[in-house]
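Below, all heavy atoms of this structure are taken into account, side chains as well, without hydrogens, waters or symmetry copies. By convention here, the first residue in the shown sequence is residue 1. Quick caveat: nothing in here was measured; it's all calculated off a predicted structure.
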Amino acid sequence: MIANRRKALVNNLIVSAAGAGEIIWVLGVVAWYVIRYPFARRAKRLRVVQDQRSNIETIGLAAALLGLAVVPGIYVATGIPRMADHPAHVWAVGVGTILYVAAMWVFRRTHKELGKNWSITLEIREQHQLVCSGPYALIRHPMYTSFLLMALGQAFLLSNWVVGLAGLLGFAILYFLRVDKEERMMLEYFGPEYRAYMDRTKRIIPYLY
C-alpha cells in the first residue's frame, strides 16, 4: 500500500512538472512575441540602404523557427512525438525557467539598445549606428545569446529528447549559417570602427566566445 502511494505521488509530481514546463514554455513564447512586435513595427519606418538577404539566411531562419517554435508547439499541443518523452523533474523545470527568463531579459535589452537599427534579416538601415552599449559592451551578438538561452531552456522545460534537440539544432543552424556573413557586412559598413569593436568583445558568451 505504502509503495503504491509513493509510486502514485512520484507519477503525479512527474505529470505536474511536465505540465508546468509546458505552461512556462508557452508563456515564454508569448513574451518573445510581445517584446519583438513594437520594435519590428518601428524598424520598418526607416529605409533599408543595404540588404544581404539570401536563400542561406532564409534556411537558417526557417530552421530556428522550426526548432524553437513549430516542433515544440506541436509537442505541447499534441504530445507528438511521445516515444521520445523522458521523465520530467521539478529541478529541470526550475533550471529551464531561469534560462528562459534570462533569455527574455537579454532579448529585450538587445532590442532596446538596437532601437531602429534592429532588423530580422541582414540589413543596414538609414542612419544605422554601431551599438556598443548594454549587452553589446561585452558581446557582439546578444540576440543569438538569447536564442541559445531559449534553446537550452526549452530542453529543460519540455521533457522530450526530440524537442530538446530541435531547439539546439535550430539555433546552431541559424548561428553558423549567418554570423560570419553578418560580421562581414558590419565590417564593410563600419570599417575600422567595427574591427576595433571585434577586438574588445566576444561573439555570444562574455569573456569566453
With rounding to the nearest 0.5 Å, note down the distance linking CE in M185 to CG in D180.
-> 13.0 Å
Locate the shortest heavy-atom distance separating A103 from L149; write the atom from each residue and the value.
-> CB-CB, 3.5 Å
Validation row: L130, M186 side chains within 4.5 angstrom (heavy atoms) | yes
Gap separating the CD atom of E113 from the OH atom of Y136, nearest 0.5 angstrom = 8.5 Å
Minimum-distance pair of heavy atoms, taken over all atoms of T110 and P142 | OG1-CB, 3.4 Å
Say you draw a straight line from CG of L174 to CG of L66; how long is it, rounded to the nearest 0.5 Å?
-> 12.0 Å
With a 4.0 Å cut-off, would you call R203 and E183 a salt bridge?
-> yes
Kindly work out whether a path of hydrophobic side-chain contacts (I/L/V/M/F/W/Y, heavy atoms less than 4.5 Å apart) joins Y144 to Y194.
-> yes
Please report the shortest heavy-atom distance between V162 and A84, naming the atom on each side.
-> CG2-CB, 3.5 Å
Carboxylate-amine/guanidinium contact R184 E188, below 4.0 Å = no
Salt bridge K181-E57, side-chain N to carboxylate O under 4.0 Å | no
Any sub-3.5 Å donor-acceptor pair from T145's side-chain atoms to I204's backbone N or O?
-> yes
Pairs satisfying side chain to side chain donor-acceptor pair (under 3.5 Å), at least one member in residues 91-107, at least two apart = W25-Y100
Short question: side chain of Q154, backbone of G67 - any donor-acceptor pair under 3.5 Å?
-> yes
Look at the aromatic rings of F147 and W32 and report parallel, tilted or perpendicular, splitting at 30° and 60°.
-> tilted
Check against side chain to side chain contact (heavy atoms under 4.5 Å, CB included), Y75 and D85 | CA-CA 10 Å; Y75 174 74; D85 280 354; 2.8 Å; yes
Does OH in Y209 sit with more than 12 non-hydrogen atoms of other residues, nucleotides or ligands closer than 6.0 Å?
-> yes
One should read off an interatomic distance between H89 NE2 and S159 OG, to the nearest 0.5 angstrom, of 8.5 Å
What one should report as the nearest heavy-atom pair of L158 and V76 is CD2-CG2, 4.1 Å
On a heavy-atom basis, the closest approach of R109 and P135 is NH2-CD, 3.9 Å
Apply side chain to side chain contact (heavy atoms under 4.5 Å, CB included) to the pair L208 and K202, showing each step before the final yes or no.
-> CA-CA 7 Å; L208 294 177; K202 298 296 184 180; 5.9 Å; no
side-chain contact (heavy atoms from CB on, under 4.5 Å) partner of L157, chosen from V163, I24, L152, L99 | I24
Would you mind reporting whether I173 and L177 have side-chain heavy atoms less than 4.5 Å apart?
-> yes
Are M198 and R195 side-chain neighbours, meaning at least one heavy-atom pair lies under 4.5 Å?
-> yes
Any chain of hydrophobic side-chain contacts (each under 4.5 Å) joining V131 to V106?
-> yes
What one should report as the nearest heavy-atom pair of A17 and V90 is CB-N, 4.0 Å
Heavy-atom distance under 4.5 Å between the side chains of F171 and M150, does that happen here?
-> no
Carefully, step by step, assess I139 and T201 under the rule side chain to side chain contact (heavy atoms under 4.5 Å, CB included).
-> CA-CA 5 Å; I139 49 178; T201 56; 5.8 Å; no
Run the numbers on L61 and R178 for side chain to side chain contact (heavy atoms under 4.5 Å, CB included), then give the verdict.
-> CA-CA 9 Å; L61 290 170; R178 182 169 164 171; 3.3 Å; yes
Common cluster, Y33/L114, ILVMFWY with side-chain heavy-atom separation under 4.5 Å = yes
Just how far is it from atom CZ of R140 to atom OH of Y197, taken to the nearest 0.5 Å?
-> 7.5 Å
Distance from M143 atom CE to Y175 atom OH, nearest 0.5 Å?
-> 14.5 Å
